[in-house]
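Read through the structure below, which is laid out as structure tokens, and then see the notes.
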Amino acid sequence: MSTLSTFGSATFDPAAFDPGTSVAGLALANPVLTASGCAAAGRELGRLIDVAALGAVVTKTIMRDARSGRPTPRMAETPSGMLNSIGLQGPGIDAFLATDLPWLRRAGATTIVSVAGGDPEEFAELAGRLAGEPGVGAIEVNISCPNVANRGLVFACDPSSASAVVSAVTEAVGGRVPVLAKLSPDVTDIVAIAGAVLDAGADGLSMINTTLGMVIDVTRMRPLLAGLTGGLSGPAIRPIAVRCVWQVHAAMRAGILRPAPIVGIGGVATGRDAAELVLAGACAVQVGTATFHDPGTPARVATDLAAVLAGLGFARFADAVGHAHTVLARETEPNR
Amino acid sequence: MSTLSTFGSATFDPAAFDPGTSVAGLALANPVLTASGCAAAGRELGRLIDVAALGAVVTKTIMRDARSGRPTPRMAETPSGMLNSIGLQGPGIDAFLATDLPWLRRAGATTIVSVAGGDPEEFAELAGRLAGEPGVGAIEVNISCPNVANRGLVFACDPSSASAVVSAVTEAVGGRVPVLAKLSPDVTDIVAIAGAVLDAGADGLSMINTTLGMVIDVTRMRPLLAGLTGGLSGPAIRPIAVRCVWQVHAAMRAGILRPAPIVGIGGVATGRDAAELVLAGACAVQVGTATFHDPGTPARVATDLAAVLAGLGFARFADAVGHAHTVLARETEPNR
Amino acid sequence: MSTPSLGALDDGRPGPVAVRAVVVANRPAGAYHHLVLAVDDRTAAARPGQFAAVAVGADPDQPTPTLLRRAFSLHRATPAGPDGPTLELVVAPRGTGSTWVTRRRPGDRLDLVAPLGRPFPAPPPSTPVVLVGGGYGSAPLGWWARELRAAGHAVTVVAGAADASRLFGVDDARALADRVLVTTDDGSAGTRGRVTAVLPELLTPGTWVYACGPMAMLRAVTEVSAAHGARAWCAVEESMACGVGVCMTCVLPVRWDDGVTRMTRTCVEGPTLDGAALRWDAIGAGPGGGSAVPADCLGAPRPGGGPR
Amino acid sequence: MSTPSLGALDDGRPGPVAVRAVVVANRPAGAYHHLVLAVDDRTAAARPGQFAAVAVGADPDQPTPTLLRRAFSLHRATPAGPDGPTLELVVAPRGTGSTWVTRRRPGDRLDLVAPLGRPFPAPPPSTPVVLVGGGYGSAPLGWWARELRAAGHAVTVVAGAADASRLFGVDDARALADRVLVTTDDGSAGTRGRVTAVLPELLTPGTWVYACGPMAMLRAVTEVSAAHGARAWCAVEESMACGVGVCMTCVLPVRWDDGVTRMTRTCVEGPTLDGAALRWDAIGAGPGGGSAVPADCLGAPRPGGGPR
Ligand SMILES: Cc1cc2nc3c(=O)[nH]c(=O)nc-3n(C[C@H](O)[C@H](O)[C@H](O)COP(=O)(O)OP(=O)(O)OC[C@H]3O[C@@H](n4cnc5c(N)ncnc54)[C@H](O)[C@@H]3O)c2cc1C
Ligand SMILES: Cc1cc2nc3c(=O)[nH]c(=O)nc-3n(C[C@H](O)[C@H](O)[C@H](O)COP(=O)(O)OP(=O)(O)OC[C@H]3O[C@@H](n4cnc5c(N)ncnc54)[C@H](O)[C@@H]3O)c2cc1C
Ligand SMILES: Cc1cc2nc3c(=O)[nH]c(=O)nc-3n(C[C@H](O)[C@H](O)[C@H](O)COP(=O)(O)O)c2cc1C
Ligand SMILES: Cc1cc2nc3c(=O)[nH]c(=O)nc-3n(C[C@H](O)[C@H](O)[C@H](O)COP(=O)(O)O)c2cc1C
Ligand code: FES
Ligand code: FES
């Protein structure tokens with residue numbers, strides 16, 4: 001209870017709450033973003049919500065060439081979650097620059113562009129082209145997509161591959177925009193991977209991508225997905241996301257990792273869910289699968305998160321980031 | 001559809017279905033077992049169901065000494081799952097041998113005893129003592145409990161630690177009973193860990209233990225569990241379990257791993273859920289968290305699994321094990 | 001595909017609204033349930049061919065534990081009826097979610113997003129029209145028949161099903177269309193056989209056919225239509241995670257007007273698609289029984305080539 | 001702990017049965033809901049002090065998406081009443097699950113496992129008894145008062161709550177006990193203050209006190225009882241995953257008859273425990289606000305010692 005007493009919730013006015021945040025220098029009006037692959041490039045959601053009011057739109061991952069994605073079925077519902085094996089379907093960078101980015105600019109959306117490639121060079125080429133484009137607020141490097149035919153291409157599963165991609169990208173970007181590396185939870189030691197990409201120059205981390213799963217279609221007696229395995233997302237994986245954010249933020253507080261912003265992702269459907277990631281150490285939060293349940297979710301989560309944090313007594317969003325670590329540290333202070 | 005035609009479901013009689021299976025030489029009347037830590041040592045469930053009719057009772061993990069377990073709260077509910085941080089509370093091996101094992105023997109239960117230790121020697125000592133006891137059908141080596149203060153003690157996260165424990169155990173057991181190594185999904189490459197423990201002499205694999213997660217208590221602004229992190233279990237993780245079983249069984253079919261029985265564990269609540277693990281490659285299935293929802297679950301899953309598999313046209317349980325791999329291989333035959 | 005490409009962004013058609021509907025009635029109709037839902041004006045502005053996405057398996061006041069919504073064609077939208085603005089659905093209890101929907105009672109609330117997808121495309125003036133429904137696929141056809149007749153088209157309805165209990169809306173159709181034909185696989189009502197048994201006699205070159213039903217039926221209707229110089233529009237039912245065009249789960253290979261085949265979102269570019277543009281060679285030919293990616297599809301994996 | 005050690009295995013008390021109950025009535029009762037459930041004979045053989053575990057958040061015909069059941073004390077079990085065998089619960093809408101329960105309507109089915117846990121231990125003949133309930137904690141006390149009086153005990157009930165709306169069962173208690181005292185924190189009914197404000201005057205050496213309510217109240221009742229030579233039994237409410245003794249989530253540190261403190265399952269060794277055996281020094285002193293493991297607990301981590 002002592003931890004709450006410094007923040008008498010009656011003393012703060014929710015309307016006075018400052019939701020602003022920044023991710024490695026990119027200022028965001030509020031901390032709630034769409035997650036890559038769960039909002040296309042913003043235009044479809046634009047029919048339903050004001051994309052300019054979102055913290056940012058994170059685009060579906062863009063690759064150099066157009067890509068068909070995988071055969072269907074591409075999705076399977078699972079308890080409190082789903083598997084997807086879209087396989088990075090997209091129009092390629094040229095079409096993105098010709099159509100999607102101008103739309104996002106016109107709509108006034110803060111934009112983070114997710115990129116992926118088959119090798120570090122493709123990543124670097126994409127990032128280099130995007131960094132010079134007006135309207136690109138940051139680049140998210142998707143080294144963790146499980147829906148690639150060759151699992152060896154999940155660069156985020158190996159520190160040296162992850163590092164190679166991020167080095168190539170940061171070099172190509174040359175500091176023009178922040179670079180976020182998106183990590184996979186499917187590793188023995190996520191702190192080690194985080195360390196590798198930070199050492200390679202990443203300005204921040206996005207965590208987590210989906211975790212690899214499979215559903216067997218019992219009637220057909222084979223994997224339900226055409227692509228066999230898929231990425232598990234949704235509320236089912238939220239405890240894994242919170243744990244990953246916690247571990248990496250703890251390593252930063254302990255001096256094991258260089259301090260850097262963490263964007264929390266995984267299973268967020270409510271303001272309370274988002275608050276878990278924030279208190280664990282995330283300075284922004286992405287909403288993915290929950291958008292499929294209700295396209296208004298990212299906007300609603302932003303409002304609710306502000307209310308939750310203001311209700312806990314925070315005057316500014318920034319003060320809540322990682323606060324659970326502070327509470328824990330106070331508990332174990334010798335003179336408590 | 002071609003894959004189904006060989007098994008016209010009309011031609012088989014569910015009552016004639018043979019549910020028998022065996023795990024590394026231990027014959028089981030049916031393939032559905034309790035999961036360690038979810039059925040204590042059988043006595044409490046014995047008030048509710050006939051434990052002798054289960055495939056086997058897998059005991060709560062036993063250690064050398066009595067152990068208090070962790071402070072509370074020890075559990076948190078999560079979407080379609082839960083976190084636990086029991087911390088291996090138990091009475092120690094002496095009390096187990098004095099009270100629990102005799103009860104299981106009298107009850108006529110097939111018994112698999114789960115063991116853990118702080119180092120390979122403790123594991124070996126426990127396994128050695130148990131292997132000589134009448135009524136011990138097999139030993140499950142819990143190298144994957146996430147609820148230990150020192151994460152370095154999750155032996156299953158490192159091939160050489162895993163191997164050291166399993167070598168010590170198999171040497172102490174000397175072939176008197178089968179030894180199953182229980183693996184964690186929290187690794188980059190579960191096939192590598194499976195290979196390490198099989199090389200070290202494990203007779204079979206139990207997969208999976210819980211995956212590490214965290215819930216933040218937003219009101220208290222700290223991790224909800226006293227132990228901070230906990231193991232995530234329940235239907236939420238089923239797709240991860242199916243994927244792990246699939247990967248390891250596939251590696252066995254591909255000759256990358258020595259063939260060995262796999263006991264599938266994770267999120268099983270219905271006969272169909274169990275069938276997913278079986279078709280993916282499990283020759284037996286454990287029911288854990290779903291027992292908390294309904295103590296009759298393991299018995300019901302056994303009945304329902306038989307009905308599901310008989311309905312698919314299988315005359316014997318053994319024929320269904322890994323059958324999804326066969327279906328997939330047929331699909332990709334050149335002359336299909 | 002003969003329709004404009006970015007269905008998600010079409011203007012001039014009612015766009016989706018999230019609404020808390022109230023169940024006004026739930027009546028069994030043969031093998032199905034016919035639900036009448038009180039909604040608001042914007043939702044009831046729906047057009048024939050659009051669908052609704054229903055949250056299932058939970059109290060509407062709770063976050064739903066079943067993450068994904070279930071899609072159901074609109075049987076009818078009534079902006080101003082005795083119960084106020086309503087939507088109607090016809091639901092077959094199939095798995096968990098649809099069964100849950102069929103169990104709702106009057107007074108229960110239902111969380112839905114509607115209307116979604118493109119309406120049926122309007123035929124050129126005075127084109128004769130044949131509407132083909134398989135099972136609950138007939139649900140939207142009475143409504144569409146009424147609108148088409150009001151616009152001066154001659155409308156024939158063909159309702160087919162496995163047996164009489166699985167026919168839907170035949171009486172309705174009799175009141176609303178010029179002519180109604182019924183087929184059942186087992187002969188328990190109408191002509192014994194498939195809808196394609198009676199279709200040829202109804203087709204003249206230039207006829208527009210709208211078909212709603214299982215994929216195999218859609219394919220057969222497309223083939224028979226093509227053979228008779230008719231144009232077939234197929235309302236497809238693919239598994240949908242989002243229903244609003246953002247997730248890419250609901251795709252089918254479709255040849256667009258530029259001749260290029262793309263894995264195309266059926267939730268926003270469809271659900272009604274030009275039968276001649278659907279790549280029937282790939283549909284159902286995928287490894288999991290779904291759609292393969294045709295080798296000439298935009299961005300298809302190059303055989304043996306580069307990292308995918 | 002003065003009760004036998006293996007509660008899960010007690011003989012001679014009704015054991016749990018999984019049952020599909022039907023809601024007969026659901027009436028608001030102040031801040032709570034009072035539910036009457038039609039069950040079967042075995043379930044209704046429950047004894048005062050036992051509890052039920054209710055599956056929440058789903059149709060009872062579906063596997064529940066909320067994995068864990070919610071525990072509620074039995075307000076009353078009636079083996080043969082006008083509605084057949086019934087169980088009654090008193091439920092405070094707190095979070096998702098309990099709120100869901102309070103919304104059930106007559107005719108709804110409820111999936112429950114009952115009776116669970118040990119009944120209240122019977123006092124020695126002619127011992128005077130005081131029953132103390134905080135909020136909905138009063139729920140089982142009327143039933144227990146009736147049984148105790150039938151067995152010849154003098155029974156006083158103390159019902160306390162934050163305010164009048166959170167009192168439960170006062171009228172019932174007036175009919176069933178010898179004497180009833182009411183306290184509210186805000187003075188909106190009875191004496192202003194906590195139950196401990198009126199308790200001392202009721203206690204004589206040898207009195208048995210049964211207390212149901214929040215942990216802080218149980219502790220205070222135990223202390224006041226001890227100070228007056230009375231014996232306090234506390235019905236605790238710990239988070240329970242299984243309710244049947246197999247999971248070890250619901251533990252509290254309790255000193256057993258052999259003097260050894262063990263992390264003790266409250267679902268089977270409890271929920272009613274000897275107040276003097278509860279390790280109040282550790283309860284609430286854990287890092288997460290729960291119970292710490294006392295240093296002298298069986299199997300407690302040795303400071304600085306060996307691998308745990
Ligand atoms: C555009 C559209 C219109 C539809 N119109 C109707 C209608 O008017 N009446 C009607 O009864 N049904 C209709 N359906 C089918 C209906 O959506 C499915 O029957 C329903 O989703 C099955 O859900 P379930 O939980 O009962 O089945 P489950 O098999 O438990 O569902 C598991 C998953 O598969 C998906 N799924 C299963 N079957 C289908 C299917 N046939 N189509 C799409 N997704 C499926 C579900 O949405 C869910 O995500 C329509 C589907 C689409 C896409
Ligand atoms: C033996 C016993 C008897 C009880 N008797 C009653 C009763 O007669 N009437 C009544 O209204 N309530 C009673 N409770 C408390 C009741 O179980 C909780 O209010 C309920 O579990 C809260 O669930 P929720 O989903 O509404 O809350 P949430 O906060 O959403 O629940 C989250 C999780 O925490 C657990 N939890 C939360 N609060 C409690 C609590 N106080 N005790 C135990 N677990 C909790 C839940 O079971 C669930 O697993 C009793 C609890 C126990 C253990
Ligand atoms: C259908 C779908 C498509 C996705 N596509 C991408 C993608 O293209 N790039 C990426 O980095 N992540 C992708 N993701 C992962 C999400 O961005 C997110 O990391 C993950 O789903 C966890 O968040 P959630 O639980 O909120 O969905 C996708 C997720 C889903 C469900
Ligand atoms: C409360 C609880 C306690 C557990 N204790 C143990 C244990 O002592 N030893 C062990 O090997 N696994 C333990 N497990 C893990 C289970 O045996 C099982 O591997 C895991 O829960 C996944 O299966 P499920 O989803 O069916 O629960 C425990 C799980 C739970 C939920
Ligand atoms: S269902 Fe998501 S794009 Fe169509
Ligand atoms: S709740 Fe599982 S042991 Fe008590």
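Any value given below was found using the heavy atoms of this structure, including those in side chains, with hydrogens, waters and symmetry copies removed. Chain naming here is simple, since letters A, B, ... match the order of the sequence lines and numbering starts at 1 in each.
- Within the 3.5 Å criterion, the main-chain N or O of C:Ser291 finds a donor-acceptor partner in the side chain of A:Thr72.
- Contacts of A:Pro73 with chain C are made by both backbone and side-chain atoms, with heavy-atom separations under 4.5 Å.
- The CZ atom of C:Arg69 lies 5.5 Å from the CG atom of A:Asp294; values are rounded to the nearest 0.5 Å.
- Closest of all the heavy-atom pairs between A:Gly81 and C:Leu67 is CA-CD2, 3.6 Å.
- Counting only distance, with no hydrogens or angles, the side chain of A:Arg67 and the backbone of C:Leu298 share no donor-acceptor pair below 3.5 Å.
- Side-chain atoms of A:His293 never come within 3.5 Å of backbone atoms of C:Leu68 as a donor-acceptor pair (strictly under, hydrogens ignored).
- With rounding to the nearest 0.5 angstrom, the OG1 atom of C:Thr249 is 5.5 Å from the CD1 atom of A:Ile86.
- By the neighbour-count criterion of 12 heavy atoms within 6.0 Å, atom CZ of C:Arg166 is sparsely surrounded, having that number or fewer from other residues, nucleotides or ligands.
- Interface residue C:Ala241: backbone and side-chain heavy atoms are both found under 4.5 Å from chain A.
- A donor-acceptor pair under 3.5 Å is formed between the side chain of A:Arg74 and the backbone N or O of C:Met248.
- Residues C:Val244 and A:Phe292 fail the side-chain proximity criterion, which asks for heavy atoms closer than 4.5 Å.
- The shortest non-hydrogen separation linking A:Pro71 to C:Val293 is N-CG2, 3.7 Å.
- Heavy-atom pairs under 4.5 Å with chain A peak, among C:Val113, C:Val251, C:Val17, at C:Val251.
- Across every non-hydrogen atom of A:Arg70 and C:Met263, the tightest pair is O-CE, 4.1 Å.
- Put simply, the residue from C:Cys250, C:Cys242, C:Ser239 that forms a side-chain contact (heavy atoms from CB on, under 4.5 Å) with A:Met75 is C:Ser239.
- A search for salt bridge (charged side-chain N to carboxylate O under 4.0 Å, His left out) contacts involving C:Glu238 returns nothing, not counting sequence neighbours.
- Looking at C:Cys297, only its side chain comes within 4.5 Å of chain A, counting heavy atoms on both sides.
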